[in-house]
2 protein chains.
Amino acid sequence: MKATPVRLKVLEVLSTTHLALSPSELESSFSKVDRITLYRTLKDFEEAGMIHKIIDTDGVTRFAFCNNNCPDATHTEDHVHFNCKKCHKMFCLAHVQTPSLQLPDGFTSTGINTVVHGICKYCS
Amino acid sequence: MKATPVRLKVLEVLSTTHLALSPSELESSFSKVDRITLYRTLKDFEEAGMIHKIIDTDGVTRFAFCNNNCPDATHTEDHVHFNCKKCHKMFCLAHVQTPSLQLPDGFTSTGINTVVHGICKYCS
DNA sequence: TAATAAACGCAACATTGTTGCATCTGATTA
DNA sequence: TAATCAGATGCAACAATGTTGCGTTTATTA
């Protein structure tokens, strides 16, 4: 994978925020980036395990960098995210453990996606 | 809210399945229903608290009827759903309790959306 | 049965995401 | 440093999903 300007910029933005950002949010955070290129960049990063995709409470697709705080280097989706009702930002709560659940017979879990919604630290 | 054929059909389908269905799945389950009418019907039902919206692991919007099994009559989103990787169906696990989480200081929760993914009872 | 407010269905549009293809560019090698 | 070429980019075109406006139809109710 080549180190191109678009890729470096996306990595820089995602690695310096604790938020999960949508493609359109990323697009508007730097000018003159082709929408299609951005989608492809995010897809490549995701497949390379550098970022992960989360769908927020409203169905918006968002991407988050998994930084060193992340307790799980294998980037499973057992992360807890917090979606603020007011500012609509999506926070990656890396320190919050995903709880274990008791599933009905016959169901096998390979990952749990938890999205807490409410009011964030900065809006309350 | 009037009792129209479309509404009765949607209610019938949603109330007799344990799955959360997408608008397009509903559309194809009965013929000659206008797509727009279906969207409006689902929106009305959701606002009336009769069904609730869940976004699945792939970002697909789905709707589920909350039947009598549902432990919470107020229809908060503290439901646990199970998204099968194989058949892509979304099961409403009404009997599984949403676990409580320890949030960082300043964050207040008003609901938790949990989507477990894995292999369902019928695919394993 | 007549009146009417609500629901329906069509056209048109907006957003999000994907694919094909020609062009450009960053890393490698000579 | 210059040539090379796989890989990255950007444009056009398309597909899926969801919304709005508006004229017509229909379920209630009187």
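Numbers restart at 1 for each chain; the letters A, B, ... are given by sequence-line order, proteins then strands.
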For C:dA7 and B:T41 - does any side-chain N or O of the residue sit under 4.0 Å from the phosphate oxygens OP1/OP2? no
Nearest-nucleotide pick for A:I36, side chain only, options being C:dT19, D:dT20, D:dT9: C:dT19
Check for me whether the distance between the ring centres of A:F91 and B:F107 falls short of 6.0 Å. yes
By nearest atom, which of the nucleotides D:dG10, D:dT9, C:dC10 is closest to the B:D34 side chain? C:dC10
Partner of B:D56 under side-chain hydrogen bond (donor to acceptor under 3.5 Å, both in side chains), chosen from B:H88, B:H81, B:H117, B:R62: B:R62
Protein-nucleotide distance (B:K2, atom NZ; C:dA3, atom C1'), rounded to Å: 12 Å
May I ask you to say what A:V6 touches in the nucleic acid, namely base, sugar-phosphate or nothing, with a heavy-atom cut-off under 4.0 Å? sugar-phosphate
Counting the atoms with a prime plus P, OP1 and OP2 as sugar-phosphate, which does A:R7 contact under 4.0 Å by heavy atoms, base, sugar-phosphate, or nothing? sugar-phosphate
Under 4.0 Å between a side-chain N or O of A:S24 and OP1 or OP2 of C:dT15? no
Under 4.0 Å from OP1 or OP2 of C:dG9: is there any side-chain N or O of B:T37 that close? yes
Between B:D56 (CG) and D:dT17 (P), how many Å, whole number? 11 Å
Expressed in angstrom and rounded to an integer, what is the separation of B:D44 atom CG from D:dT20 atom P? 13 Å
How many Å lie between OH on A:Y39 and C1' on C:dT19, as a whole number? 14 Å
Once you round it to whole Å, what is the distance between P of D:dG18 and CD of B:E27? 11 Å
Atom CZ of B:R35 and atom P of D:dA15 are separated, to the nearest Å, by 14 Å
How long is the line joining CD of A:E47 and C1' of C:dT18, in whole Å? 13 Å
Both B:T4 and A:V33 contact DNA chain D. Which one's nearest nucleotide lies toward the 5' end? A:V33
Expressed in angstrom and rounded to an integer, what is the separation of A:K43 atom NZ from C:dT16 atom P? 18 Å
Heavy-atom side-chain contact between B:D44 and B:M1 under 4.5 Å: yes
Do B:T61 and B:K53 meet the criterion of a side-chain donor-acceptor pair at a distance under 3.5 Å? no
